[in-house]
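For reference, the structure is listed below as structure tokens.
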Amino acid sequence: MIELIVAERCTDCGACIEVCPANVLDPGRGGPPILARVEDCQTCFMCELYCRADAIYVAPDCGRRVAVSEAEVLASGRLGRYRKHSGWDEWAEQFPNEQWLMETVFRRAGEAAAQARAERPAAAKE
Amino acid sequence: MVSSSLEELSLTADVLIVGGGMAGTWAATSAAQAGAKVVLVDKGYCGTSGVTAAAGPGHWWVPPDPPGARDAAVANRVAAGLGLGEAEWMYRILDQTWRTLPTLARYYKFGVDDEGRVNHRAVRGPEYMRALRQQVLGHGVTVLDHSPVLELLARSDGSIGGARGLRRQDGGRSYRIEAGAVILAAGGTSFLSHLLGSHTNTGDGYLMAAEAGAEMSGMEFTAAYTIAPAHSTMTRSMAYSFATYYDAEGRELDLPFGPDQTIHLARALQRGPVYCSLHRLPDDIKARLHTISPNVPLVFDRWGIDPYRDRFEVTLHNDGTIRGIGGVRVFDTDGTTSVPGLFVAGDNASREKVAGAISGGGNVNSAWALSSGVFAGRAAARVARSAARRTERLQPLGRTGLRPGGRPQTLDVAAIRSSVRAEMHPFDKNLFRTGPGLAASSRILEDLWSEVADRGHAGTIALREAASLVATARWSVATAAVRNESRGLHRREDFPAQDPGLAARLLSGGLERIQVALDRPSAAARPGQLEAVP
């Protein structure tokens with residue numbers, strides 16, 4: 001669930017409030033958006049993708065709140081990594097969308113499983 | 001009722017689309033291309049709402065050349081569908097998907113494989129939905145974000161003429177849209193499992209369709225489950241095709257990759273925690289996982305887990321009707337329902353005729369969402385054009401959670417949600433079903449329904465969502481109790497074999513009382529009529 005908006009990075013553009021499909025955030029009064037309804041967060045990470053300031057941290061934990069240290073998150077280099085690896089905005093040229101590889105992986109897995117099945121009776125005989 | 005001093009927002013449209021996911025946005029584009037004035041409303045934000053945005057759909061994709069390829073694909077799918085699929089419908093969605101998807105190139109940068117070929121079929125969710133939103137706006141569609149629908153509005157002849165809802169980022173201001181035709185593309189429901197992106201998909205479109213008089217089909221097929229790291233939403237299964245599993249003692253489990261893997265995994269999870277390692281994933285894929293599915297490695301990274309070396313705990317999340325099959329019964333690929341003026345598309349519609357009794361997975365489901373959206377948009381635009389503009393008073397159709405049958409009372413919505421989850425998630429209730437187990441679930445769900453129907457009056461989105469969840473669970477459990485056999489996604493421990501007499505679709509419907517009936521193609525059958533199951 002969303003645990004942190006780093007105030008010093010937030011530009012108060014309002015994108016996260018707008019794009020959050022679960023309406024978790026409210027506008028702040030002269031500061032970053034308020035995590036008003038964290039219990040409604042569906043841990044989809046969409047807010048991070050749309051945050052050009054890389055100010056948002058969503059913990060992968062979906063059924064429980066976790067304590068998050070702003071200093072540690074800032075030091076970890078994790079802020080903005082999802083947006084970067086997705087090749088959004090300024091990262092477009094460096095990180096291509098390789099979603100098309102998905103079917104190759106499934107095909108290779110199927111082939112590997114078939115091979116394992118073919119080898120199994122032979123191994124059992126030994 | 002959320003009170004607001006703001007004046008009601010009132011709009012008119014030819015076509016109103018409820019839901020801005022894959023099906024809704026394709027429908028909006030198609031209706032607008034057909035010349036209709038279109039309004040699209042989304043509970044959240046069109047572009048991030050729904051299950052597509054967080055995932056990576058691969059569309060069912062078979063080019064028309066060589067001609068035998070589609071015949072083979074359809075024949076395979078008909079056979080795999082165990083008697084519930086229809087070849088003609090499959091041909092139609094294959095063809096429409098193949099024609100339509102490349103037209104998004106103006107807004108979506110399709111991937112190019114290592115041989116330099118453009119791949120249209122596999123797209124990444126966030127970029128795809130962002131592109132679909134841009135396409136919709138490019139066609140002049142009016143989009144209302146954060147505007148959940150509370151109920152449909154009907155004309156005096158029972159046809160659907162609009163909807164009413166709330167603008168939740170505009171002080172809870174109410175809105176009302178009158179339209180020539182309405183397309184429900186509000187998604188399916190995972191019954192609040194942690195399936196990625198599904199938390200706002202609470203089956204609202206099913207309840208609203210039922211209130212208008214439509215029936216469901218295939219609601220027993222709600223037992224698809226998807227693997228995820230425990231405590232996470234990351235139901236992206238690709239990397240797990242090379243997974244190795246272990247029990248709590250560290251013994252490797254015999255869970256080979258294949259169609260029955262989920263069942264074996266569920267059995268193992270019933271015995272105790274299951275751990276997983278992805279060390280067998282080929283190195284070239286490990287190196288590119290972050291540019292294939294960037295949200296998959298981020299979970300491990302944030303938890304400090306090396307999935308290629310460490311063993312991490314896994315779980316299964318219920319896919320409900322999302323990777324399952326059921327939904328509103330449709331009479332054509334264009335989402336025509338038994339209710340005049342009301343169309344359904346995507347997960348809101350039953351997918352049995354294109355998926356059969358097994359999950360459509362990403363492929364068939366995406367092709368269905370796209371093409372049923374395109375077809376429905378076109379059909380709704382036609383209906384809206386031919387519908388004479390009548391100024392008549394529209395009747396609101398919402399009941400449960402809005403207009404109680406008895407003395408109103410404040411209800412504990414969180415408790416209702418938990419109760420639905422408790423019946424629809426556990427493997428021993430929903431995956432390995434039994435007659436007595438389904439009967440016990442049914443009693444609990446009937447009590448829940450009575451409570452909401454008799455007492456619920458808040459008229460809030462949360463209460464309507466709770467009503468939708470309970471309604472959908474009731475249809476699912478009732479239909480599963482009638483299908484006394486195992487077929488595809490529906491598994492009955494007390495009836496492990498297929499019954500040839502049940503190689504047919506099951507309709508369900510009703511709000512106060514649930515009815516289930518065999519869908520028999522006969523000249524005498526009229527849409528909207530349910531017969532008793534013998």
Side-chain angles (χ1 to χ4, degrees), chain A residues 1 15 17-23 25-27 39-50 57-64 66 68 73 76-78 81-88 92 94-110 112-114 116-117 120, chain B residues 42-45 47-50 53-54 56 58 109-114 118-119 121-127 145-146 168-169 194 196-200 229 231-234 237-242 256-258 280-282 285 288 290-295 297-303 362:
Chain A
M1 294 188 278
I17 302 171
E18 189 184 6
V19 304
C20 172
N23 196 33
L25 305 155
D26 279 342
E39 69 281 4
D40 290 340
C41 174
Q42 64 166 354
T43 320
C44 67
F45 305 96
M46 284 297 145
C47 52
E48 288 195 23
L49 215 41
Y50 280 84
Y57 182 81
V58 177
D61 310 68
C62 58
R64 58 192 184 191
V66 292
V68 167
V73 167
S76 73
R78 288 175 181 138
R81 195 172 285 168
Y82 181 34
R83 193 175 70 84
K84 174 176 159 181
H85 287 169
S86 298
W88 280 40
Q94 291 166 67
F95 293 92
N97 176 346
E98 297 194 296
Q99 177 72 36
W100 58 269
L101 269 164
M102 180 175 68
E103 59 199 70
T104 319
V105 178
F106 279 118
R107 181 175 50 72
R108 286 163 67 179
R117 270 195 304 278
R120 189 173 293 188
Chain B
D42 194 288
K43 185 194 275 183
Y45 176 81
T48 61
S49 276
K109 194 177 169 193
F110 287 100
V112 177
D113 69 18
D114 291 343
V118 176
N119 181 315
R121 55 195 178 271
V123 294
R124 196 192 278 156
E127 292 79 4
D145 296 308
H146 294 288
R168 68 182 185 187
Q169 289 197 352
H194 287 295
L196 187 61
S198 72
H199 208 61
T200 61
H231 310 293
S232 87
T233 54
M234 204 47 66
S237 61
M238 181 192 77
Y240 297 90
S241 59
F242 282 96
F257 175 63
R280 290 195 302 117
L281 193 68
I285 301 301
R288 294 163 88 167
H290 64 289
T291 46
I292 303 172
S293 308
N295 49 5
L298 82 77
V299 169
F300 299 119
D301 178 45
R302 286 173 196 196
W303 280 341

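Sequence lines set the chain letters: A, B, ... in the order given, protein chains first and strands last, and positions in each chain run from 1.
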Run the numbers on A:Tyr82 and A:Trp88 for side chain to side chain contact (heavy atoms under 4.5 Å, CB included), then give the verdict.
CA-CA 9 Å; A:Tyr82 181 34; A:Trp88 280 40; over 6 Å; no

Using 0.5 Å steps for rounding, measure from the CZ atom of A:Phe45 to the OH atom of A:Tyr57.
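Separation between the atoms: 8.5 Å.
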
What's the spacing between A:Leu101 CG and B:Thr291 OG1 if we round to 0.5 Å?
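Between A:Leu101 CG and B:Thr291 OG1, I get 7.5 Å after rounding to 0.5 Å.
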
Winner by heavy-atom pair count (cut-off under 4.5 Å) against chain A, out of [options]:
| options | value |
| --- | --- |
| B:Pro256, B:Ala122, B:Ser237, B:Pro294 | B:Pro294 |
| B:Ser49, B:Pro126, B:Gly44 | B:Pro126 |
| B:Arg121, B:Arg280, B:Met234 | B:Arg121 |
| B:Ser241, B:Ser293, B:Gly111 | B:Ser241 |
| B:Gly258, B:Ala53, B:Gly50 | B:Ala53 |
| B:Leu298, B:Thr200, B:Asp113, B:Ile285 | B:Asp113 |

Is it the side chain or the backbone of [X] that comes within 4.5 Å of chain B heavy atoms, both, or neither?
| X | answer |
| --- | --- |
| A:Cys20 | backbone |
| A:Arg108 | both |
| A:Met102 | both |
| A:Asp40 | backbone |
| A:Arg78 | both |
| A:Phe106 | both |

Need one label for [X]: side chain, backbone, both or neither, based on atoms under 4.5 Å from any heavy atom in chain A.
| X | value |
| --- | --- |
| B:Ser198 | backbone |
| B:Asp42 | neither |
| B:His231 | both |

Does any non-hydrogen side-chain atom of B:Ser232 lie less than 4.5 Å from one of B:Phe300?
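No, every pair of side-chain atoms sits at 4.5 Å or beyond.
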
Given side chains that start at C-beta, do those of B:Thr48 and A:Cys44 come closer than 4.5 Å, heavy atoms only?
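They are not in contact (no side-chain heavy atoms under 4.5 Å apart), so the answer is no.
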
Can you label the angle between the B:His194 ring and the B:His199 ring as parallel, tilted or perpendicular, going by 30° and 60°?
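Parallel: the ring planes of B:His194 and B:His199 meet at under 30°.
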
Determine the interplanar angle of the A:His85 and A:Phe95 rings, folded into 0 to 90°, and report it as parallel if under 30°, tilted if 30 to 60°, perpendicular if over 60°.
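Tilted.
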
Using modelled atom types only, decide if a donor and an acceptor are shared between the side chain of B:Arg302 and the backbone of A:Val58 within a distance under 3.5 Å.
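Looks like yes, one N/O pair under 3.5 Å.
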
Shortest non-hydrogen contact from B:Asn295 toward B:Ala54
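Shortest heavy-atom separation between B:Asn295 and B:Ala54 comes out as ND2-O, 3.1 Å.
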
Might you point out which heavy atoms bring B:Asn119 and A:Glu103 nearest each other, and give the distance in Å?
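Heavy-atom minimum between the residues: ND2-OE1, 3.5 Å.
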
Out of [options], which one racks up the most heavy-atom pairs below 4.5 Å with chain B?
| options | result |
| --- | --- |
| A:Pro27, A:Pro96, A:Cys41 | A:Pro96 |
| A:Ala109, A:Gly110, A:Ala22 | A:Ala109 |
| A:Glu39, A:Arg81, A:Gln42, A:Glu48 | A:Gln42 |
| A:Thr43, A:Thr104, A:Asn97 | A:Asn97 |

Answer with yes or no after comparing the ring centroid distance for B:Phe110 and A:Trp100 against a 6.0 Å cut-off, counting only values under it.
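Distance test on ring centres: not under 6.0 Å, no.
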
Going by distance alone, is a donor N or O of one side chain under 3.5 Å from an acceptor N or O of the other, for B:Asp145 and B:Gln169?
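No, no side-chain donor-acceptor contact under 3.5 Å.
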
